[in-house]
Amino acid sequence: CGCSADYLSHLFHRHAGETLAAHIVRLRLDRAERLLADEAALAVKEVAWACGFASSGYFIRTFRARHGQTPAVWRQARPSRPAGTTEAAVPALPFVPTRERPCRWARLRRGRGGCPMTSIRTPEQELGRFRARLAVAGAVALVCFGLLAARFFYLQVVRYDYYSTRAEDNRISLVPIVPNRGLITDRHGTVLARNYSAYTLEITPSRVADLDATIEELSTLVDIQPKDRRRLKKLMDESKSFESLPIRNRLSDEEVARFIAQRYRFPGVELKARLFRDYPMGSFASHVIGYIGRINDRDLERIEESDDSANYRGTDHIGKSGLEKSYERDLHGITGFEEVEVDSGGRAVRLLRRTPAIPGNNVVLTLDLKLQEIVEKAFGNRRGALVAIDPRNGEVLAMVSKPTYDPNLFVDGIDQESWKALNESLDRPLLNRSMRGTYPVGSTYKPFMGLAALESGKRAPGTIIMDGGSWTFG
């Protein structure tokens, strides 16, 4: 009716002289009287259901309050109507069934005009139902708030140390500072291995939707050769997809400027400044010095076994052969760190603390580069090995293995053609003949045996042995 129940009851009482509930009860009682008079086969309980009373007890109490006797007694004492007479029809009340009842009762609860009758509960019943619902809702809310409070206690108190550490890790990012690799020099200070800084273009495959299309677009800005593509493919097979891999090293200033101007077009492609290893003497003493290369799975296993993983964070290269591998711990140095506060997007906000990296130690060799060059030039294109040792102190002055190779080919990752040429050559230039070659000792063994005989007293300095060039056995 578009108004509240209290206001509707007030208006009804004002115009009808009775409350709405009393009016509905009166209509139900009139209806019950008609059913009791017309339907003698109906029980009192069925009449109560048919007239919309909540229970037969409430119907009996209401009926007794009106007539002073129960429905059963009233039915017996009521005189029968003459044939052909009818009572005025009692208007039927609207009713929407809320639960399924027998078909007979549903038929009886309909008025003669076919309109269903309504079911109205007393105020006491409504108040009881409201209190029950309120108690259930309060209990559910209390349980929910209890669970929420228990969860808060678990997160804030029991797991405080764990989540505070996680939050601090999200706020602070540790950026490794790669140390400068140590230099390698000869006995006179001539540099045999050094470092220089240059820009490199790197791609993170997991952040690039179409790798081939991206490389094609990059090739319009930066000169990317087929060997660069093959090297990238090889690195992808050896590395993880979320690691940044170089597609082009040693970019010129002009190439750097072109890429920076178009950088927004290439998500997942970054320009980084890195230190590169350089061997200025080229192939001279290459077997002695060795070379460095990118860290692979085998190198990672060796680093983890030595418990030195933290010292190689941010490092991409490691010694692969020669002195670069033997003195890796001394040449590598100690990695530094920067504690940087970052925002939710991972962008640096401010620098909190900086621990500088400690450069690697320089390695000074006993080699004499001039003597090394003289010996290597004397060998020419012949295969062989030579080791020159100072007999006064055992210092190695020259160590030559011919033919040799250029270690600079391995720094950025050797291309397929160069590797095939070195690996399939009949001269085997990658073999260090001075260390791994097998040669008969020859007459160089005799002076050592003579010194041993003199020192042990088996022979005297004036002993003469006649050697006829044969030896009789048996």
Side-chain angles (χ1 to χ4, degrees), residues 176 178-187 190-196 231 234-235 238-239 246 249 274-335 357-367 369 372 376 385-387 395-415 418-419 422-423 428-438:
V178 180
N180 292 336
R181 194 172 181 86
L183 306 179
I184 300 178
T185 64
D186 75 341
R187 65 190 303 128
T190 304
V191 178
L192 303 177
R194 64 185 180 184
N195 309 306
Y196 71 96
R231 183 177 65 242
K234 180 181 179 182
L235 292 176
E238 298 176 352
S239 306
N249 294 321
R274 294 187 178 274
L275 289 175
F276 291 90
R277 198 67 162 171
D278 179 52
Y279 303 97
M281 304 309 298
S283 61
F284 284 104
S286 59
H287 290 95
V288 179
I289 301 171
Y291 60 88
I292 66 171
R294 291 187 66 89
I295 297 176
N296 54 27
D297 294 338
R298 186 181 303 174
D299 298 324
L300 286 175
E301 293 178 0
R302 188 169 67 251
I303 292 172
E304 291 176 357
E305 291 176 358
S306 61
D307 295 332
D308 208 14
S309 301
N311 197 32
Y312 279 85
R313 288 189 58 185
T315 302
D316 298 327
H317 294 79
I318 193 173
K320 295 289 187 177
S321 69
L323 296 174
E324 292 279 21
K325 181 178 180 180
S326 301
Y327 288 88
E328 171 63 27
R329 285 181 174 269
D330 298 299
L331 291 168
H332 179 266
I334 300 177
T335 302
I358 301 176
N361 298 321
N362 297 333
V363 175
V364 180
L365 307 180
T366 61
L367 287 180
L369 185 60
Q372 183 84 13
E376 290 194 11
L386 181 144
V387 179
E395 294 178 352
V396 177
L397 301 178
M399 180 178 286
V400 178
S401 175
K402 294 289 290 185
T404 185
Y405 64 92
D406 186 1
N408 291 300
L409 296 173
F410 294 88
V411 175
D412 299 333
I414 189 170
D415 59 273
S418 299
W419 172 254
L422 293 174
N423 195 41
R428 303 184 65 185
L430 296 178
L431 175 62
N432 186 358
R433 291 177 168 83
S434 60
M435 297 291 294
R436 299 182 180 179
T438 55

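What you see below is based on every heavy atom in this structure, not just the backbone, and it leaves out hydrogens, waters and symmetry mates.
No side-chain donor from either of Y312 and E304 sits under 3.5 Å from a side-chain acceptor of the other. S401 and S434 form no side-chain donor-acceptor contact under 3.5 Å, judged by distance and modelled atom types alone.
The environment of Y327 atom OH is sparse: at most 12 non-hydrogen atoms of other residues, nucleotides or ligands sit within 6.0 angstrom. For R428, the CZ atom is loosely surrounded, since the number of other residues' heavy atoms within 6.0 Å does not exceed 12.
Considering OG of S418 and CG of D406, their distance stands at 9.5 Å, rounded to 0.5 Å. One distance of note links CD1 of I303 with NE2 of H332; it measures 7.5 Å at 0.5 Å rounding. One distance of note links CG of N195 with CZ of R274; it measures 13.5 Å at 0.5 Å rounding.
Side-chain contact check for V191 versus I184: every heavy-atom pair is 4.5 Å or farther apart. Residues S286 and T404 meet the side-chain proximity criterion, which asks for heavy atoms closer than 4.5 Å. The shortest side-chain heavy-atom distance between I292 and Y279 falls under the 4.5 Å cut-off. Between H317 and I295, every side-chain heavy-atom pair lies at or beyond the 4.5 Å cut-off.
Electrostatic pairing of R294 and D299 does not count as a salt bridge here, judged by no charged N lying under 4.0 Å from a carboxylate O. With respect to the salt-bridge test (charged N to carboxylate O, under 4.0 angstrom), the residues E328 and R181 qualify.
Checked by atom type and distance alone, the side chain of Q372 pairs as donor or acceptor with a backbone atom of M399 at under 3.5 Å. Within the 3.5 Å criterion, the main-chain N or O of G322 finds a donor-acceptor partner in the side chain of S326. Checked by atom type and distance alone, the side chain of S306 pairs as donor or acceptor with a backbone atom of R302 at under 3.5 Å. Using modelled atom types, one side-chain atom of D186 and one backbone atom of T190 make a donor-acceptor pair closer than 3.5 Å. Remark: side-chain polar atoms of S321 are not paired, donor with acceptor, to backbone N or O of G290 under 3.5 angstrom. Between the side chain of N311 and the main chain of D308, no donor-acceptor pair closer than 3.5 Å is present. In this structure a side-chain-to-backbone donor-acceptor pair under 3.5 Å is present from T366 to V396.
Residues K320 and G293 share a closest heavy-atom pair of CG-N, 3.5 Å. Considering all non-hydrogen atoms of both residues, L183 and N362 come closest at N-OD1, 2.8 Å. For the pair A357 and P359, the tightest heavy-atom approach, listed with the atom from each and the gap, is O-CD, 3.6 Å.
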>> If you apply the rule side-chain contact (heavy atoms from CB on, under 4.5 Å), what do you find for V288 with L367, and how did you get there?
In response: CA-CA 10 Å; V288 179; L367 287 180; 3.7 Å; yes
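A perpendicular orientation is assigned to the rings of Y405 and H287, their planes being inclined by more than 60° (bins at 30° and 60°).
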